[in-house]
**Q** 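Please see the structure below; I have some questions.
Values reported hereafter were calculated over all heavy atoms of this structure, with side chains retained and with hydrogens, waters and symmetry mates removed. Heads up: numbering here begins at 1 and tracks the sequence.
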Amino acid sequence: MNSLPQQNKPNKNPLQDWWRKNQRQLRNLAFGLNVFFGVIRKFFLLIVAFGLLAGALCLGIGTGYFAYLVSDTEAPSKEELAKEINDYDEVSKIIYSDGGNIATISSDLIRTSVSSENISDYLKKAIISTEDENFETHNGVVPKALARAVISDITGLGGSSGGSTLTQQLVKQQILSSETTFKRKATEILLAIRVDKFFSKDEIITSYLNVSPFGRNNKGQNIAGVEEAAKGIFGTTAKDLTLAQAAFIAGLPQSPIIYSPYAGDGSLKENLSAGLNRKDIVLFSMYREKAITKEEYEAAKAEDLTTQFLPQAKAAQSTRGFLYYTVQKQAINILMTRDYTADGLSAEDVSGDDDVYNQYYEQAQRELQRNGYTVTTTIDSSIQGALDEAVANYGYMLDDGRGSYVENGGVLMDNHTGRIYGFIGGRDFNTSQNNHAFDTKRPPGSTIKPVLNYGPAVDIGLIGTQTMLSNFQTFYKEEPETEIWNAGTPPDSTFRSASNALANSINVPAYHLYQALMAKTDPATYMEKMQYDVNSDEWHNESSTLGQMDVTVYDQTKGFATLANGGVYNSGYMIDSIKDYDGNVIYQHEASPVEVYSKSAASIMNYMMRNVYQSGTGTTAHNTLDSLNSTLANADWVGKTGTSTDNKDFWFIASTPGITFSSWIGYDDGTSMARGNSSANQQYWAYVMNRVYQANQDIFEAGTKFELDPEVVAVEVSNFTGEKIANFQYDGKDYVTPGSKVTSYYAKGFTAPTTTYEFAIGGKASDYTTAWKDKLQLVKPIVTPPAATTPSTTTPSSSEEKKEEEKDKEEEKDKEETPAAGDANANPPAAPTNP
């Protein structure tokens with residue numbers, strides 16, 4: 001019997017079999033993982049240890065740095081803090097140069113403080129829920145939020161992350177510092193902790209709600225404190241605000257002007273969405289923080305506040321005027337400059353960032369309003385009184401029968417120092433608050449020519465007083481179809497001396513001179529030295545010398561004062577000093593003179609501008625003043641008239657050796673005036689100056705004359721060419737320069753060229769053909785003798801020729817001395833700007 005082969009029995013545990021086969025590898029894997037995770041764990045612990053050490057180090061360094069920053073900050077007492085955070089002010093004041101009082105300085109904010117029980121709980125909860133949800137538990141600062149804000153500030157990541165508690169915001173608003181940024185923040189933290197220590201939470205929130213700004217009311221006034229916000233927006237009290245009203249007001253401090261429902265004149269804004277959306281955010285914050293129920297939240301959100309805003313109302317007129325607000329503005333600017341300079345910032349840094357500018361402005365404003373400062377001005381009380389009386393008594397002379405004011409601006413400045421004795425801001429502050437002396441910018445017309453064109457041209461030796469300028473037909477380069485005219489009339493196809501063209505304010509010669517000047521130098525450098533508030537590009541246009549840019553009366557006054565001061569610029573100033581409550585000087589004006597024109601060039605310009613007053617376009621001012629006060633009229637006045645396009649602006653600016661006074665007139669809306677207003681402005685100028693003379697004669701230095709500087713170069717030239725008399729050649733023949741001998745004055749180091757056929761600035765070939773036509777016939781050419789003959793000069797051989805020459809000389813002399821009529825800068829055509 002055959003036996004069957006034996007079969008293998010199946011494995012009953014495959015996993016066990018797999019384990020038996022792979023056991024060694026699995027043990028190796030487990031060991032490797034154990035080692036790996038052990039290393040990771042130790043590495044993690046090492047990182048944590050280093051982190052803790054680094055954190056401790058940073059904390060130590062941070063604490064030490066914080067201690068360093070506040071080491072010289074004296075911790076105020078509770079009483080001092082109470083005074084600061086509750087806005088107890090020491091009244092500052094503005095005084096005249098002789099110590100007489102002008103006005104006290106107080107906040108323009110309308111504010112009414114109320115006690116805690118007179119503030120709605122809704123309002124307190126709304127502010128806390130929105131601005132500082134941890135207010136009830138922190139000790140004045142929240143380290144986590146503060147760290148987040150610092151990291152954001154350092155890295156620039158995460159945007160504006162905040163970090164300030166309500167207590168810090170109160171400190172920041174009420175206790176100001178001019179220290180650097182980090183030090184200010186450190187001081188803020190220190191003081192916030194101290195405020196939290198001394199005062200209850202209710203006292204802190206009450207103070208915050210009483211001092212914070214809340215935008216504008218229905219009269220357009222700036223308001224602070226919740227009582228004024230409730231009264232000025234909803235016509236109720238802070239105690240009786242509804243939930244929706246409270247939420248709206250609580251949203252205002254973050255950006256008061258943006259969220260305010262009112263514009264600057266008290267009218268309701270067309271778009272109220274910003275403030276209403278902000279109100280909804282506040283309500284949601286209250287609901288999220290469980291300060292209100294869901295039902296209250298939804299009901300308040302649905303409430304239509306637009307029907308509850310008060311209608312526009314009219315505020316009572318202020319008794320303050322141009323002087324008060326101008327001095328206050330300049331004092332704030334002085335304090336601002338001191339503060340941001342101490343913080344290492346420049347004027348460009350501040351002006352280029354609205355938030356930074358507003359921060360420094362508000363800081364300086366509060367300091368001025370609260371610290372009991374005395375601001376001593378340069379304003380002479382008797383002179384300012386005379387100016388005010390002159391405006392009131394003679395302003396009617398400016399009106400041209402239209403039933404509305406022709407406005408006026410004027411500045412009276414000391415030439416030697418830049419001191420402002422007084423000014424005219426406008427005809428009536430209650431009618432128009434535009435400050436036409438310092439803030440309003442208008443085209444200066446021909447009054448820009450001496451400082452921008454003729455002055456620099458003399459300074460670099462481009463011209464002397466008798467240099468000839470073309471007054472032939474001329475077109476703007478950029479617009480060939482636009483012809484340049486003079487005083488509404490076309491040019492007269494002659495050449496004019498520089499002195500004659502300036503005295504009679506002729507546009508075409510000034511245009512040609514300016515093009516030649518820009519080819520030699522940059523006139524903007526002169527204007528920048530005198531700190532004209534004009535963009536540099538405005539000085540590079542074809543029409544710049546015709547006054548097509550916008551300037552202030554103050555700008556023009558200091559420009560002419562610079563020429564009257566021998567070419568040395570002194571910045572105009574109205575504030576001599578600022579002292580604190582204890583009499584310590586915190587600001588003192590210091591002169592910083594800058595030479596703009598050489599002394600010789602400035603004296604030549606005064607010599608030329610004397611003709612404007614005596615025989616040119618300014619004779620109305622001279623004649624009127626002579627009828628009022630011959631002594632003052634005979635003082636050595638030098639100046640310039642100016643008229644802008646379409647008679648929208650009339651100017652007259654004149655200087656004695658002591659002072660400069662500028663008068664501008666025009667409508668605020670730019671309406672054209674009657675041509676006669678140019679003469680009216682000069683008559684008005686004379687009446688004003690006469691009135692000032694009665695108040696203070698000494699400032700004019702009426703017994704002193706402008707003298708040509710000893711270094712001025714006097715050159716004998718022809719009154720026909722404005723160049724030295726000499727032989728010259730034309731068309732292959734030699735000629736002697738025609739014309740009478742006159743003296744031309746040049747700045748130090750320069751002289752007149754010798755005569756050539758093409759002798760005038762701006763002259764074209766056709767112009768010279770016209771000019772020389774008769775001259776070449778009347779002047780006998782010098783015949784060159786044969787080589788063997790002794791050279792000689794041929795003279796006219798007959799008595800008839802001699803008579804013709806004498807007649808020609810007399811005609812040229814008469815032409816030179818006869819002024820053209822009218823101010824040449826009336827109605828200059830609009831000019832294109834250079835690319």
**Q** For atom NZ of Lys599, is the number of surrounding heavy atoms from other residues, nucleotides or ligands below 6.0 Å larger than 12?
**A** no
**Q** How about His436 and Trp664: are their ring centroids closer than 6.0 Å?
**A** yes
**Q** Just wondering, do Asn570 and Thr417 contact through their side chains at under 4.5 Å, heavy atoms?
**A** no
**Q** Tyr554 versus Met574: any side-chain heavy-atom pair under 4.5 Å?
**A** no
**Q** Is the ring centre of Phe429 less than 6.0 Å from the ring centre of Phe322?
**A** yes
**Q** Tell me whether the count of non-hydrogen atoms from other residues, nucleotides or ligands lying under 6.0 Å of CZ in Phe750 goes above 12.
**A** yes
**Q** Do Tyr667 and Asp400 make a side-chain contact, defined as non-hydrogen atoms from C-beta onward lying under 4.5 Å apart?
**A** yes
**Q** So, for Tyr514 and Asn541, which heavy atoms are closest and what is the spacing to 0.1 Å?
**A** CE2-O, 3.8 Å
**Q** Can you confirm whether or not the ring centre of Tyr597 sits under 6.0 Å from the ring centre of Tyr526?
**A** yes
**Q** Check this for me: Lys441, atom NZ, are more than 12 non-hydrogen atoms of other residues, nucleotides or ligands nearer than 6.0 Å?
**A** yes
**Q** Mind checking whether Trp685 and Phe652 have parallel, tilted or perpendicular rings, split at 30° and 60°?
**A** perpendicular
**Q** Under 6.0 Å from the NZ atom of Lys520, do we count more than 12 heavy atoms belonging to anything else shown?
**A** no
